[in-house]
Amino acid sequence: MLCAELGTIGAFVLAAFTHPAPGGVTVAPMTAGAVWHGGFGGVLTFAVAAFVGFETAPVFSEEAKHPRSVMRATVGVLAFLLAFYCVAAWAIPVAVGADRVVAVAGDPESGLPFVVLDRAYGWGLSLLASMLLVTSVLTAMLSFHGTVARYVYAMARERVLPGWLAVVGTAARAGAPVGGSLTQSAVALAVLAVVAVTGADPIGVLFTWLEGPCRARHGGRAGRAAVGPRRCGARRDPPRPARPR
């Protein structure tokens, strides 16, 4: 699914640069002056949020056959996303025009970016893109769930959290961080219940308010906690063995 999503974005980029808006391809949106614009703080928050996940490779270090693969995966995905996001962001004003991009992007009836795919390839690819947009949310939630579960497992094993949270599964769920998984599910359910009861906007409140502080702590403390047992002299008698390789 991830390959299909990347391929669809690549098709959008190709459509934008082969069928640019009147005025042709311009680098004006990519200049330093274009960055310092109104709402820069919000733009920066969402730009940082776009990179969420690249630092989670160390979480799976104990399950990797070769430790070097973790380092290569982390550095490789960061370099790829940096180039990929830059080109994709540049393609949007090229497709609709740098002087119209703000108005078009702010109009829910514009159909951006799907209208660009329709114009270049027909309605089939835009339908696929719409489906992938929905499924990508599900896969992202599953990815975060697995990552947080391993964070909880690592911190519980090091007695930062209660030891019973380091429980792992057996039989069909052998090695799975069951304690961390259930904890993540309970916390998510509690947060969603509060949002539902208060009627808070899912994007304007739930995502935007929580994204900033959670993102700031996510890559630092929790990431170090996940790899800390290997590098910081972990005690030799963990409550449960590490996940089987």
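For clarity, every value in this text was computed on a predicted model and none was experimentally measured.
A donor-acceptor pair under 3.5 Å links the side-chain atoms of S61 to the main chain of P58, judged by distance alone. Between the side chain of R119 and the main chain of V115, no donor-acceptor pair closer than 3.5 Å is present.
Shown here are the side-chain contact (heavy atoms from CB on, under 4.5 Å) partners of M131, two or more places apart in sequence or in another chain: L127. Remark: P202 engages no residue in a side-chain contact (heavy atoms from CB on, under 4.5 Å) (not counting sequence neighbours). Every side chain to side chain donor-acceptor pair (under 3.5 Å) that S126 has, sequence neighbours left out, goes to D118. Annotation: side-chain contact (heavy atoms from CB on, under 4.5 Å) contacts of S110 (sequence neighbours excluded): V104, D107, L112. Not a single side chain to side chain donor-acceptor pair (under 3.5 Å) links T8 to another residue, sequence neighbours left out. Contacts of H19 classified as side-chain contact (heavy atoms from CB on, under 4.5 Å), with partners at least two apart in sequence or in another chain: A120.
Between S136 and M1, the closest side-chain pair of non-hydrogen atoms is not below 4.5 Å. Here the side chains of T56 and F144 are not in contact, with every heavy-atom distance at 4.5 Å or above. The shortest distance between side-chain heavy atoms of T74 and F54 falls below 4.5 Å.
Cluster membership for L133 and I92, using ILVMFWY side-chain heavy atoms within less than 4.5 angstrom, is not shared. Following chains of ILVMFWY side-chain contacts shorter than 4.5 Å, one can reach Y151 starting from V160, so the two form part of one hydrophobic cluster. Under the 4.5 Å side-chain heavy-atom criterion for grouping Ile, Leu, Val, Met, Phe, Trp and Tyr, V77 is connected to L6 within one hydrophobic cluster. Connection of F60 to V75 is not established within any shared hydrophobic cluster, with ILVMFWY side chains joined at heavy-atom distances below 4.5 Å, either directly or through further cluster members. No continuous path of hydrophobic side-chain contacts links M71 to L82 [ILVMFWY only; heavy atoms under 4.5 Å].
Sequence neighbours left out, the pairs with a member in residues 78-97 that pass ring-ring contact (aromatic ring centres under 6.0 Å, His included) are F17-W90, F51-Y85, F80-F84. The stretch residues 109-131 participates, sequence neighbours left out, in no ring-ring contact (aromatic ring centres under 6.0 Å, His included) pair at all.
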I would like to know whether V178 and L182 meet side-chain contact (heavy atoms from CB on, under 4.5 Å); could you show each step before the answer? CA-CA 6 Å; V178 176; L182 294 176; 4.0 Å; yes

Could you go step by step and tell me if T139 and L2 meet the side-chain contact (heavy atoms from CB on, under 4.5 Å) rule? CA-CA 9 Å; T139 55; L2 177 60; over 6 Å; no

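In this structure, A91 and F12 approach most closely via the heavy-atom pair CB-CE2, 3.9 Å. The heavy-atom pair separating A88 from I9 by the smallest distance is CB-CG2, 4.1 Å. When all heavy atoms of A95 and A21 are compared, the pair lying nearest together is O-CB, 3.4 Å. Heavy atoms only, all atoms of each residue included: P93 and A89 are closest at CD-O, 3.0 Å. Nearest heavy-atom pair, V94 versus T26, reported as atom, atom and distance to 0.1 Å: CG2-O, 4.2 Å. Among all heavy-atom pairs drawn from A15 and V116, the shortest one is CB-CG1, 4.1 Å.
Atom OG of S143 and atom NE2 of H145 lie 11.0 Å apart (nearest 0.5 Å). With rounding to the nearest 0.5 Å, the separation of CZ in R72 from NE2 in H66 is 8.0 Å. From S181, atom OG reaches atom CG of L165 across 11.5 Å, with rounding to the nearest 0.5 Å. A distance of 5.5 Å separates OG1 of T135 from CD of E5, quoted to the nearest 0.5 Å.
By the 4.5 Å side-chain criterion applied to Ile, Leu, Val, Met, Phe, Trp and Tyr, V137 is assigned to a cluster that also includes L138, M141, L142. Through direct or relayed side-chain contacts under 4.5 Å between Ile, Leu, Val, Met, Phe, Trp and Tyr, V70 connects to no other residue.
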Distance-only check: which donor-acceptor pairs under 3.5 Å involve side-chain atoms of residues 188-201, not counting sequence neighbours?
from	atom 1	to	atom 2	distance (Å)
T198	OG1	V194	O	2.8
T198	OG1	V195	O	3.3
D201	OD2	I203	N	3.1
D201	OD2	G204	N	2.4

